**Q** 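This is the structure I have questions about; it appears just below.
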Amino acid sequence: MDDVSNVSTVTVFTLSAFSEALNHRAAVFSLTLLCYCVIVVVNVSLVIIIVVDENLHEPMYVLLCVCCINGLYGTAGFYPKFLVDLLSPSQVISYGGCLCQAFVLYSFVCSGTSVLAAMAYDRHVAICRPLQYRSVMTKRRLAELVVFSWLTPFCIFSINILLTNRLTFCSANIQRLFCVNWIIVGLACPNMDTLINNAFAFTTLSIYICHWLFIVWTYADLVRTCLKSREDRAKFMQTCLPNLISLLTLFVTVVSDLMHMRFASKDLPQSFQNFVAMAVLLIPPIMDPLLYGFRLTKIRSRILVLVHVRQK
C-alpha cells in the first residue's frame, strides 16, 4: 500500500507507531481505558454540576462548561479508535475516517484555544472593568463568544480537509497513533501541488498565534492591574490562576508536538514520541476539570455538598 498512484486506491491508511505499545498490549489498554474513563467522568460531572446549579450560570462557569464539552469531543475522536487498535491485529483507518479524525483533533485543539481566550477576556473585564462587567458580558456577548469558539475552527478545518481531499497519495503509511492533517498532506504524490494547503495551514497558524498574543496581552494587563490592589490579587489567584495553568499546559503540549513533528529525530524512542503526540489528549482533559473543581470556590462548595448528601 506504500506505492499507490491514485487516491481512489488509497482506501485505508496504516498507523505505524504502535510497535512498542503492542509489546505491552494488555497494560497499555488497561491504562488507556482507565484514563479515558477518568476523562469522561470528571468532565461530565463538571458539566452536569454547572448545568444543574443556577448559581453557576455565570459567564466564567458557562465557558468552563464549554471547555469540558470540548475535551469530551476531542478525546472521543482518539481514545475509542486507539483502544480498538490495541486489540486489533492490524492498525489501519479508512481514508474517510482518517480525514474525520484529523478534523476532530485539530478543531478540538483550536476550539480549546478559543475558549481559553474567551475566558481570559471574561476575567479581564471582571477585574479591570468591574463596574462595566454586567453590561459587557451579557448573555448575547457570551453566546457570541461560544459560537465563535466553535464555529471558527469548524469552518477553518472544513476547508483544510477539503483541500486535503483533492490530493492524490503515493504512500498510505502514517507514522503516528492517529491521523494528523499535516502528515497526511506530506504523503501526497510529488507531482501534486500542495502550495495552497501549506498557505492555508500558515494562515490558520497565524490566526491562532493572534489568539495567543491576545491572551498574553490580556494576562499582562491583568497582572499589572492586580499589583495595585490586594483584593484584585486575591481575585486573580482564585479565578485567573486556573485559566493561566490551563493555557500554559495547552501551549506546552501543542508546541511540543508541533516541534516534535517538525524537528525531532526519528531515533528517539517510539514510546516517548507517542507520549508527546498524546499529551494534548491526555493532560488538559484530565487536569482542567480537576483544577477548576478544586480551585473555584463555588464549584468546590457544590461538589462538597453533593458528597455530603451522598454520604447521608
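It should be emphasised that the depicted structure is a prediction, and the values quoted were computed from it without experimental measurement. The figures here come from the full heavy-atom set of this structure, side chains too, leaving out hydrogens, waters and symmetry mates. We count residues from 1, following the sequence as given.
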**Q** Can Leu162 be reached from Val180 by stepping across I, L, V, M, F, W or Y side chains whose heavy atoms are under 4.5 Å apart?
**A**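 The answer is no; the residues belong to distinct hydrophobic clusters.
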**Q** With side-chain contact (heavy atoms from CB on, under 4.5 Å) as the test, would you mind laying out the steps for Asp221 and His124 before giving the verdict?
**A** CA-CA 8 Å; Asp221 198 40; His124 183 270; 2.6 Å; yes
**Q** Would you give the length of the straight line joining atom CG of Asp288 to atom CG of Leu64, rounded to the nearest 0.5 angstrom?
**A**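 Taking CG in Asp288 and CG in Leu64, the distance rounds to 8.5 Å.
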**Q** For the residue pair Arg25 and Ser88, what are the closest heavy atoms and their distance?
**A**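 Arg25 and Ser88 have their closest heavy atoms at NH1-O, 3.4 Å.
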**Q** Applying ring-ring contact (aromatic ring centres under 6.0 Å, His included), which residue pairs with at least one partner in residues 171-196 are found, sequence neighbours left out?
**A**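 Listed once each, the pairs are Phe78-Phe178.
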**Q** Can a donor-acceptor pair be found, under 3.5 Å and without considering hydrogens, that links the side chain of Thr32 to the backbone of Val28?
**A**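 Looks like yes, one N/O pair under 3.5 Å.
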**Q** Could you give the distance from OG (Ser111) to CG (Leu116), rounded to the nearest 0.5 Å?
**A**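 Going from the OG atom of Ser111 to the CG atom of Leu116 covers 11.0 Å.
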**Q** If you look at every heavy atom in Ser94 and Gly97, which pair is closest and at what distance?
**A**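 Scanning both residues, the minimum pair turns out to be OG-N, 2.9 Å.
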**Q** Among the clusters formed by ILVMFWY side chains lying less than 4.5 Å apart, do Leu258 and Ile156 turn up in the same one?
**A**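 Yes, Leu258 connects to Ile156 through the hydrophobic network.
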**Q** Which pairs with one or both residues in residues 140-167 pass ring-ring contact (aromatic ring centres under 6.0 Å, His included), sequence neighbours excluded?
**A**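 Only Tyr73-Trp150, Tyr73-Phe154, Phe103-Phe154, Tyr106-Phe157, Phe148-His211, Trp150-Phe154 qualify under ring-ring contact (aromatic ring centres under 6.0 Å, His included).
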**Q** Can you tell me how far apart CD1 (Ile184) and OG (Ser171) are? Round to the nearest 0.5 Å.
**A**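 Between Ile184 CD1 and Ser171 OG, I get 11.5 Å after rounding to 0.5 Å.
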**Q** Side-chain contact test, heavy atoms from C-beta onward, threshold under 4.5 Å: evaluate it for Arg140 versus Glu144 and give yes or no.
**A**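 Yes, at least one pair of side-chain atoms sits under 4.5 Å.
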**Q** For Arg176 and Ile183, which heavy atoms make the closest approach, and how far apart are they?
**A**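 Heavy atoms only, the tightest pair is CG-CD1, 3.3 Å.
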**Q** So does Val92 get a backbone contact from the side chain of Thr14, meaning a donor-acceptor N/O pair under 3.5 Å?
**A**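 Such a contact is absent between Thr14 side chain and Val92 backbone.
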**Q** List the steps and the verdict of side-chain contact (heavy atoms from CB on, under 4.5 Å) for Ile93 and Cys179.
**A** CA-CA 9 Å; Ile93 184 169; Cys179 293; 3.7 Å; yes
**Q** Check ring-ring contact (aromatic ring centres under 6.0 Å, His included) between Tyr121 and all other residues, then give those that pass, not counting sequence neighbours.
**A**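 By the ring-ring contact (aromatic ring centres under 6.0 Å, His included) rule, Tyr121 matches no residue at all.
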**Q** Main chain of Leu163, side chain of Arg166: is a donor-acceptor contact present, judged purely on distance under 3.5 Å?
**A**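 Between the backbone of Leu163 and the side chain of Arg166 there is a qualifying donor-acceptor contact (under 3.5 Å).
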**Q** Does Leu281 offer a backbone N or O that forms a donor-acceptor pair with the side chain of Tyr79 under 3.5 Å?
**A**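 Yes; at least one donor-acceptor contact below 3.5 Å.
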**Q** Minimum heavy-atom separation for Ile127 and Pro130, please, with both atom names.
**A**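 What the structure gives for the nearest pair is O-CD, 3.5 Å.
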**Q** Give a yes or no answer on whether the side chain of Thr194 reaches the backbone of Asn197 with a donor-acceptor pair at less than 3.5 Å.
**A**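 Here the side-chain-to-backbone pair does not exist.
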**Q** Is the number of heavy atoms from other residues, nucleotides or ligands within 6.0 Å of CD1 (Ile196) greater than 12?
**A**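 No, because the 6.0 Å sphere around CD1 of Ile196 holds 12 heavy atoms or fewer from other groups.
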**Q** So do Cys155 and Ile159 actually touch side chain to side chain, heavy atoms under 4.5 Å?
**A**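 The answer is no, as the side chains (C-beta and beyond) never meet within the 4.5 Å cut-off.
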**Q** Does anything in residues 47-68 pair up under salt bridge (charged side-chain N to carboxylate O under 4.0 Å, His left out), and if so which pairs, sequence neighbours excluded?
**A**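 Applying salt bridge (charged side-chain N to carboxylate O under 4.0 Å, His left out) to every pair that reaches into residues 47-68, excluding sequence neighbours, yields Asp53-Arg302, Glu58-Lys298.
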**Q** Please say yes or no: joined through hydrophobic side-chain contacts below 4.5 Å, possibly via intermediate residues, are Met278 and Leu34 part of one cluster?
**A**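 Yes, same cluster.
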**Q** To the nearest 0.5 Å, what is the distance between SG on Cys98 and CD1 on Ile174?
**A**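 That separation rounds to 3.5 Å.
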**Q** Counting C-beta onward and ignoring hydrogens, is there a side-chain heavy-atom pair between Asp122 and Met137 closer than 4.5 Å?
**A**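 They are in side-chain contact.
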**Q** Indicate yes or no: at least one non-hydrogen side-chain atom of Thr253 is less than 4.5 angstrom from one of Asp257.
**A**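 Answer no - side chains too far apart.
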**Q** Apply the test side-chain contact (heavy atoms from CB on, under 4.5 Å) to residues Leu142 and Leu63: give CA-CA distance (whole Å), side-chain angles for both, the deciding distance (0.1 Å), then the verdict.
**A** CA-CA 8 Å; Leu142 179 61; Leu63 290 171; 3.9 Å; yes
**Q** What I'd like to find out is whether the side chain of Gln132 reaches to under 4.5 Å of the side chain of Val125, using heavy atoms alone.
**A**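 Heavy-atom side-chain distance check fails, nothing below 4.5 Å.
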**Q** Can you tell me if Phe214 has over 12 outside heavy atoms packed within less than 6.0 Å of its CZ?
**A**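 Above 12, so yes.
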**Q** Can you hop from Val44 to Tyr292 via hydrophobic side chains spaced under 4.5 Å?
**A**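 Looking at the clustering, Tyr292 is in the same group as Val44.
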**Q** Going by heavy atoms in the side chains, are Tyr208 and Thr204 under 4.5 Å from each other?
**A**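 Contact flag for Tyr208/Thr204 side chains = yes.
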**Q** So, does Ser107 use its side chain to make a donor-acceptor pair with the main chain of Val104 at under 3.5 Å?
**A**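 The answer is yes, because a donor-acceptor pair under 3.5 Å joins these two groups.
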**Q** Kindly give the cluster partners of Leu195, where membership spreads through any ILVMFWY side chain lying under 4.5 Å from a current member.
**A**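 None; Leu195 is a cluster of one.
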**Q** Is it the case that more than 12 heavy atoms not belonging to Tyr133 sit under 6.0 Å from its OH atom?
**A**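 Counting other residues, nucleotides and ligands, OH of Tyr133 exceeds 12 neighbours.
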**Q** Side chain of Thr152, backbone of Ser149: donor and acceptor closer than 3.5 Å?
**A**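 No, Thr152 side chain to Ser149 backbone: no donor-acceptor pair under 3.5 Å.
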**Q** Can you tell me how far the CD1 atom of Ile39 sits from the CE atom of Met287, to the nearest 0.5 Å?
**A**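 Taking CD1 in Ile39 and CE in Met287, the distance rounds to 12.0 Å.
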**Q** Heavy atoms only: give me the nearest Gly77-Gln101 pair and the separation to one decimal.
**A**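 Shortest heavy-atom separation between Gly77 and Gln101 comes out as O-NE2, 3.0 Å.
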**Q** Measuring only between side-chain heavy atoms, which start at C-beta, is Ser45 closer than 4.5 Å to Pro289?
**A**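 They are not in contact (no side-chain heavy atoms under 4.5 Å apart), so the answer is no.
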**Q** Rounded to the nearest 0.5 Å, what's the gap from CG on Asn181 to CG on Asn160? Could you check?
**A**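 Here the interatomic distance stands at 5.0 Å.
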**Q** Quick one: list whatever passes ring-ring contact (aromatic ring centres under 6.0 Å, His included) with Phe200, sequence neighbours left out.
**A**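 Phe200 satisfies ring-ring contact (aromatic ring centres under 6.0 Å, His included) with no other residue.
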**Q** Step by step, would you call Leu222 with Cys128 a side-chain contact (heavy atoms from CB on, under 4.5 Å)?
**A** CA-CA 7 Å; Leu222 271 170; Cys128 298; 4.0 Å; yes
**Q** Give the minimum heavy-atom separation between Tyr95 and Asn165, together with the two atoms involved.
**A**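 Here Tyr95 and Asn165 meet closest at OH-OD1, 2.9 Å.
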**Q** For the backbone of Leu15 and the side chain of Gln91, can you confirm whether one donor and one acceptor N or O come within less than 3.5 Å of each other?
**A**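 It does not hold such a pair.
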**Q** Is there a side-chain contact between Phe251 and Ile215 (heavy atoms, below 4.5 Å)?
**A**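 Not in contact.
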**Q** Is Asn43 reaching over with its side chain to a backbone N or O of Pro285, donor-acceptor style, under 3.5 angstrom?
**A**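 Side chain of Asn43 to backbone of Pro285, a donor-acceptor pair under 3.5 Å: yes, one is there.
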**Q** Verify the cluster assignment for Val115 and Val51: are they in a single hydrophobic cluster under the rule of side-chain heavy atoms below 4.5 Å apart?
**A**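 Linked within one cluster.
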**Q** Any donor-acceptor pair under 3.5 Å linking the side chain of Asn274 with the backbone of Leu177?
**A**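 Such a contact is absent between Asn274 side chain and Leu177 backbone.
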